[in-house]
Amino acid sequence: MTGTAKIGVFGTGSVGRTVGAKLAELGHAVVIGTRDPAATLARTDSDHFGNPPFKVWLEAHPKVHLKTFAEAAAEAELLVNATVGHGAIPALEAAGAANLAGKVLLDISNPLDFSKGFPPFLSVCNTDSLGEQIQRAFPELRVVKTLNTVTAAVMVNPKLVAGGDHTIFVSGNDAGAKKTATEVLQSFGWTDIVDLGDITTARGTEMYLPLWVRLMSATKTPMFSIKVVR
Ligand SMILES: NC(=O)c1ccc[n+]([C@@H]2O[C@H](COP(=O)([O-])OP(=O)(O)OC[C@H]3O[C@@H](n4cnc5c(N)ncnc54)[C@H](OP(=O)(O)O)[C@@H]3O)[C@@H](O)[C@H]2O)c1
């Protein structure tokens, strides 16, 4: 990816906001996708992380626009998925396969199920992953699983942990898509980017999440990452 791009970011939570704001700061044209823009803008409560209502955030980021998943996808050259795990495929279905075909999707979502409380468990693992489920559901989408091993702030500013001396991963079937993902990651400041292989390797980074949530509880901070020490 050279220069600036039209990017559709699915998700109005911490990740969608943080990644969307960073991409806009880098000069890209960013549209955030949501199920129902009017309903999202009408929210007045903070979310479960204490983030302000989306309307307040959007007013502070006037270059970013809010549209439906389908509108955000239709206009985009590059897509980012930052929906809750169980919302990923429904969001992409709402976007419509025709609006996704041939496009690169950076998939940041994790298949965390909080229905039995904290800590969450994985809704898919071992022999499958959410990254693979998305790729199977939309064969013409070029899915790259990445950034799902760090908290939102670190995704776009790796220097927040260990001065940036740590590792991020890409998993996907399409070499060109992983090249695009790598360019985006480098523009965020990542230097140690490990290509794990095809989309089945997303099982590895998604299955790190049960450790991630326990590390967060034990260290009382989400500001940590994996460093692969060779
Ligand atoms: N938070 C982090 O630091 C972090 C770090 C690494 C990975 N992740 C992963 O990144 C993803 C986003 O996390 P987050 O904390 O930013 O937000 P989140 O609260 O997990 O997800 C919010 C988004 O999910 C959408 N959504 C919820 N239910 C849906 C459904 N049934 N169908 C379609 N969309 C639905 C919401 O749509 P509306 O806009 O319409 O409400 C909203 O845009 C998650 O998969 C999470 O596991 C998060």
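Both ligands and their constituent atoms are indexed starting at 1 by order of listing.
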Could you give me the CA-CA distance, side-chain angles and deciding distance for Asn81 and Ser109, then say whether side-chain hydrogen bond (donor to acceptor under 3.5 Å, both in side chains) is met?
CA-CA 6 Å; Asn81 180 45; Ser109 63; 3.3 Å; yes

Checking heavy atoms under 4.0 Å, the part of Glu93 that sits near ligand 1 is neither

Which residue owns the protein heavy atom closest to atom 26 (N) of ligand 1, what's the atom, and how far is it?
Val84 CG1, 3.7 Å

All heavy atoms of Phe188 vs all of Met155, minimum pair found to be CD1-O, 3.5 Å

Mind checking whether His48 contacts ligand 1 via backbone (N, CA, C, O), side chain (CB onward), both or neither, at a 4.0 Å heavy-atom cut-off?
side chain

Measure the shortest side-chain to side-chain distance between Trp57 and Leu66 over non-hydrogen atoms and say whether it is less than 4.5 angstrom.
no

Shortest protein contact, atom 36 (C) of ligand 1 (heavy atom only):
Arg35 NH2, 3.9 Å

May I ask you to identify, for Phe49, whether its side chain, its backbone, both or neither come under 4.0 Å of ligand 1 on a heavy-atom basis?
side chain

Contact between Met155 and ligand 1, counting heavy atoms under 4.0 Å?
yes

Quick check: Asn148 and ligand 1, any N/O pair under 3.5 Å apart?
no

Should side-chain heavy atoms under 4.5 Å link Ile, Leu, Val, Met, Phe, Trp and Tyr, which residues sit in the same cluster as Val124?
Phe10, Phe69, Leu79, Ile89, Leu92, Leu100, Leu105, Leu130, Ile134, Phe138, Leu141, Val143, Ile199

Main-chain N/O of Lys6 paired with His28 side-chain donor or acceptor, under 3.5 Å
no

Check whether any N or O atom of Pro90, backbone or side chain, sits under 3.5 Å from an N or O atom of ligand 1, and answer yes or no.
no

State, with a plain yes or no, whether a side-chain heavy atom of Val161 is found less than 4.5 Å away from one of Lys227.
no

Heavy atoms only: which of Leu92, Thr83, Leu147, Ile108 lies closest to atom 11 (C) of ligand 1?
Thr83

